[in-house]
Student: 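Sharing a structure with you now.
Just the heavy atoms: all of them, side chains too, but no hydrogens, waters or symmetry mates, feed the values below.
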Amino acid sequence: METKEEIIKKLFEKGILLNKELLDNSSEATLTEMLDNAASENDILVLNDDYLSFSSEQKTLVDWHEIDRYRVEVEKERNEKLYQTELQSLREIKLKTPAISTSSTAPLTPTPPTEEYFNITSDATDANYNYSDSTLLSGIEKSKMIHTPPETRFPEVHTFSSLETELQDGAASVSLNIKNEDSYSIISDSKDEAEAAELSAHLLIHSEHKLDVVYTFSIEPQKFSPAHFTSIFISRYNFLEKILRQRSELQGTIAIGRLLKKKEKEKVSIIGLVENISLTKNGNLIVTLEDLTGKISVIISKNRADIFAMAKDLVFDEVVGLSGTFQDKIIFAEEFFWPDVPETNEMKKGDLEEYAIFLSDVHVGSSLFLKEEFNKFLQWINCLVGNEQQREIASKVKYVIISGDLVDGVGIYPGQEKELEIKDIVGQYAEFANLIKKIPSDKQIVLCAGNHDVTHIAEPQTLFYKEFAPALYELPNVTMVSNPAMINIGKSKTFSGLDVLMYHGFSFDYYVANVESIRNGGGYHRADLIMKFLLKRRHLAPSFKSTPYVPGYKDDPLLIRKIPDIMVSGHIHYCSVANYKGVTLICGSCWQAKTTFQEKLGHDPEPARVPLVNLKTRQVKILNFN
């Protein structure tokens with residue numbers, strides 16, 4: 001029989017700490033049983049009585065990090081009601097034996113000649129800002145137009161860039177009567193080859209269909225150490241410092257260690273990683289910045305309203321530059337600088353009129369999956385419905401890009417079991433494959449994973465596990481990439497193609513909750529604000545705790561090393577389109593009605609929207625199949 005000390009050591013090696021009360025009240029035999037039961041729960045942080053009951057029964061799928069978060073809230077609030085409610089919910093999630101589902105969607109046939117509608121909407125900044133477009137009104141009664149002024153959604157006045165104005169002018173919000181018809185008929189050139197070569201990535205394909213994978217991530221199982229995490233942060237700092245040093249305002253940047261040796265008052269510029277953010281009793285901000293040589297405190301006065309507002313959007317671990325006055329080993333900040341997208345970034349346009357469409361969060365397997373709406377989309381993409389112009393657009397769609405959460409998964413959130421129609425993961429992927437088989441084979445389909453998909457949740461998420469999603473690997477026109485990844489579309493002999501950065505967006509929740517300008521600017525309804533925030537910092541998850549990380553890469557894999565032409569995401573179930581310095585920002589919609597979990601969190605999904613990009617004009621429209 002192992003001693004308590006030996007068992008505690010083994011649990012500690014697994015990253016599990018024992019609650020003191022549990023340790024004092026347990027025998028060596030009980031502790032040995034704990035060790036065996038905890039072996040299958042890889043992310044327990046502190047083992048207590050509640051956690052032990054779950055692991056010993058082996059009847060539940062538990063997100064231990066989520067439970068730990070509730071436990072921390074209990075300690076802060078001294079109120080166990082929410083914690084006990086969540087524990088009770090988790091006890092209702094039962095594991096099922098996998099069985100392949102034989103369910104299928106409705107056949108892909110024209111609908112009966114009854115009135116159905118789908119809206120084509122285009123928007124400069126947000127999918128809810130609707131404008132009229134006379135070019136699409138041919139044969140359509142003006143009385144069917146829907147007009148929702150921007151101020152009815154968000155009263156704040158937005159400044160549109162040139163592309164956003166162009167999108168406004170060419171937008172539409174038109175309800176169209178679908179009439180049935182009797183018949184229907186690449187590595188891209190890098191902006192900086194040296195930077196591209198630094199990526200820990202693997203080229204997958206060269207395709208005659210003008211689809212190339214610029215980079216995608218894969219990793220072999222290995223034992224991680226603190227050195228892996230250190231390497232991530234050092235590579236992040238070095239890359240972003242190199243970008244920031246190119247700014248004229250930061251040409252005279254000094255290392256923090258050297259600055260701290262100075263005694264006289266002077267104007268200085270530094271580049272550092274945000275280690276800590278706090279508020280003084282007088283309402284000023286104190287930010288601790290660090291580089292490879294040391295740390296220094298920076299004070300941002302509340303009396304400087306412009307810079308104070310910018311500083312309030314700082315998040316832990318991001319890399320920024322600043323200028324200010326150095327005195328008594330403290331810097332009084334006067335201006336901040338971010339790596340950002342250059343103002344000179346070119347908006348590229350293709351030489352052929354072809355289209356790419358962007359979907360996300362399909363959630364096949366959920367009882368709330370919108371089968372009817374998705375079938376309408378399949379009818380349109382097969383040129384079965386719509387007027388002549390709409391069918392012509394469908395025929396010119398060459399790329400279908402789906403940014404994660406293909407299926408609803410199993411055990412993802414408390415009570416999910418009650419909302420699943422297909423209760424095993426293999427069956428969910430088989431059904432998803434049956435659906436996308438109905439997309440014409442001349443269209444290239446690109447898939448990446450999301451937090452509901454069957455791969456590790458830590459990012460970068462690698463390809464879908466083949467043992468659980470074999471049907472995906474049998475589709476000839478499907479390319480699978482990691483999350484995140486970059487692909488190149490529309491390449492020709494005379495055009496280098498458009499780089500598309502795919503990222504599901506699991507980190508978005510953190511920035512909605514913690515960045516005041518995003519939260520007050522519309523929150524989950526404004527994915528474009530989140531994507532602008534990340535592009536400005538040239539990182540998909542600048543705060544380390546905003547998403548789980550796989551640390552085993554030489555360089556930080558979530559850095560935005562190469563500026564994309566299109567950045568596409570999903571996750572928040574709300575469609576948004578915008579432009580930022582020549583980068584088209586697209587957040588896909590979803591194909592799932594509101595879940596009870598979303599209702600509890602106050603989420604308001606906007607389902608069945610499909611953003612569509614004309615690669616020749618870069619004009620964006622949003623198709624509404626709801």
Side-chain angles (χ1 to χ4, degrees), residues 226-340 510-511 514-517 533-534 536-539 541-546 549 551 555-556 558-560:
H228 287 96
F229 293 92
T230 303
S231 177
I232 289 284
F233 280 102
I234 291 176
S235 70
R236 175 192 299 192
Y237 177 80
N238 287 336
F239 175 75
L240 297 177
E241 182 203 31
K242 177 182 175 182
I243 295 175
L244 284 164
R245 279 186 179 273
Q246 296 173 10
R247 299 191 61 127
S248 59
E249 301 93 337
L250 297 174
Q251 292 295 309
T253 295
I254 185 172
I256 292 175
R258 184 180 169 191
L259 177 61
L260 290 172
K261 295 177 182 179
K262 293 179 175 288
K263 296 182 179 179
E264 63 275 12
K265 177 180 177 180
E266 62 179 291
K267 297 285 186 181
V268 297
S269 299
I270 65 168
I271 297 171
L273 183 145
V274 177
E275 185 202 54
N276 191 38
I277 306 169
S278 59
L279 198 66
T280 71
K281 63 180 181 180
N282 295 324
N284 300 316
L285 278 173
I286 298 182
V287 177
T288 303
L289 293 183
E290 63 174 323
D291 64 9
L292 300 179
T293 66
K295 303 177 184 179
I296 194 167
S297 294
V298 178
I299 294 180
I300 304 96
S301 171
K302 65 181 180 182
N303 297 324
R304 294 285 305 275
D306 53 346
I307 189 171
F308 190 78
M310 289 190 291
K312 286 172 71 175
D313 278 354
L314 289 171
V315 294
F316 296 111
D317 309 322
E318 68 167 300
V319 176
V320 297
L322 73 85
S323 61
T325 301
F326 173 74
Q327 185 178 8
D328 297 330
K329 300 190 182 302
I330 292 175
I331 297 177
F332 295 88
E334 296 171 2
E335 192 170 4
F336 279 99
F337 307 95
W338 281 268
D340 214 339
Y510 177 87
Y511 302 105
N514 291 279
V515 178
E516 185 175 298
S517 65
F533 180 89
L534 301 181
K536 187 174 182 178
R537 286 151 178 80
R538 297 290 291 274
H539 202 284
S543 185
F544 186 77
K545 63 181 179 180
S546 63
Y549 244 89
D555 301 314
D556 188 338
L558 300 188
L559 280 167
I560 304 175

Student: Hey, mind stepping through Phe337 and Ile271 against side chain to side chain contact (heavy atoms under 4.5 Å, CB included) and telling me if it holds?
Tutor: CA-CA 9 Å; Phe337 307 95; Ile271 297 171; over 6 Å; no
Student: State, to 0.1 Å, how close Arg304 and Ala333 come at their nearest heavy-atom pair, and which atoms those are.
Tutor: NH1-O, 4.2 Å
Student: Roughly how far, to the nearest 0.5 Å, is CG of Leu240 from CG of Asp340?
Tutor: 11.5 Å
Student: More than 12 non-hydrogen atoms from neighbouring residues, nucleotides or ligands closer than 6.0 Å to NZ on Lys536, yes or no?
Tutor: yes
Student: Please output the side-chain donor-acceptor pairs of residues 251-265 that fall under 3.5 Å, not counting sequence neighbours, one pair per line with the distance.
Tutor:
unit_1	atom_1	unit_2	atom_2	d
Gln251	NE2	Arg245	O	2.8
Gln251	NE2	Arg247	O	3.1
Thr253	OG1	Leu250	O	2.6

Student: Within the structure provided, determine whether Asp291 and Ile270 are in side-chain contact (heavy-atom separation under 4.5 Å).
Tutor: no
Student: Check Leu285 against Ile277 and note the closest heavy-atom contact, atom names and distance.
Tutor: CD2-CG2, 4.1 Å
Student: Can you list everything that forms a salt bridge (Lys or Arg N to Asp or Glu O under 4.0 Å) with Lys545? Sequence neighbours excluded, please.
Tutor: none
Student: Provide the closest heavy-atom pair for Phe239 versus Ile560 in the form atom of the first, atom of the second, distance.
Tutor: CE2-O, 4.2 Å
Student: Where do Val319 and Pro339 come nearest, in terms of heavy atoms and distance?
Tutor: O-CD, 3.8 Å
Student: Between the main-chain N or O of Leu558 and the side-chain N or O of Arg236, is there a donor-acceptor pair closer than 3.5 Å?
Tutor: no
Student: Has Tyr511 got a side-chain atom pairing as donor or acceptor with Val315's backbone, closer than 3.5 angstrom?
Tutor: no
Student: Test your reading of the model: is there a side-chain donor-acceptor pair from Arg538 to the backbone of Ile243, 3.5 Å cut-off?
Tutor: no
Student: Measure the shortest side-chain to side-chain distance between Ser546 and Phe316 over non-hydrogen atoms and say whether it is less than 4.5 angstrom.
Tutor: no
Student: Any side-chain donor paired with an acceptor under 3.5 Å for His539 and Asp556?
Tutor: yes
Student: Test your reading of the model: is there a side-chain donor-acceptor pair from Asn284 to the backbone of Lys302, 3.5 Å cut-off?
Tutor: yes
Student: If the plane angle is over 60° it's perpendicular, under 30° parallel, otherwise tilted; pick one for Phe544 and Phe233.
Tutor: tilted
Student: Minimum heavy-atom separation for Ser235 and Leu559, please, with both atom names.
Tutor: O-CD1, 4.2 Å
Student: Does a donor on one side chain sit under 3.5 Å from an acceptor on the other, for Asn282 and Thr280?
Tutor: no
Student: How close do Leu244 and Gly321 get, counting heavy atoms only, and between which atoms?
Tutor: CD1-N, 3.8 Å
Student: Compare all side-chain heavy atoms of Ile307 with those of Met310 and state whether any distance is below 4.5 angstrom.
Tutor: yes
Student: Between Ser297 (side chain only) and Ile330 (backbone N and O only), is there a donor and an acceptor less than 3.5 Å apart?
Tutor: no
Student: Evaluate the side-chain proximity of Trp338 to Glu318: yes if any heavy-atom separation is below 4.5 Å, no if none is.
Tutor: yes
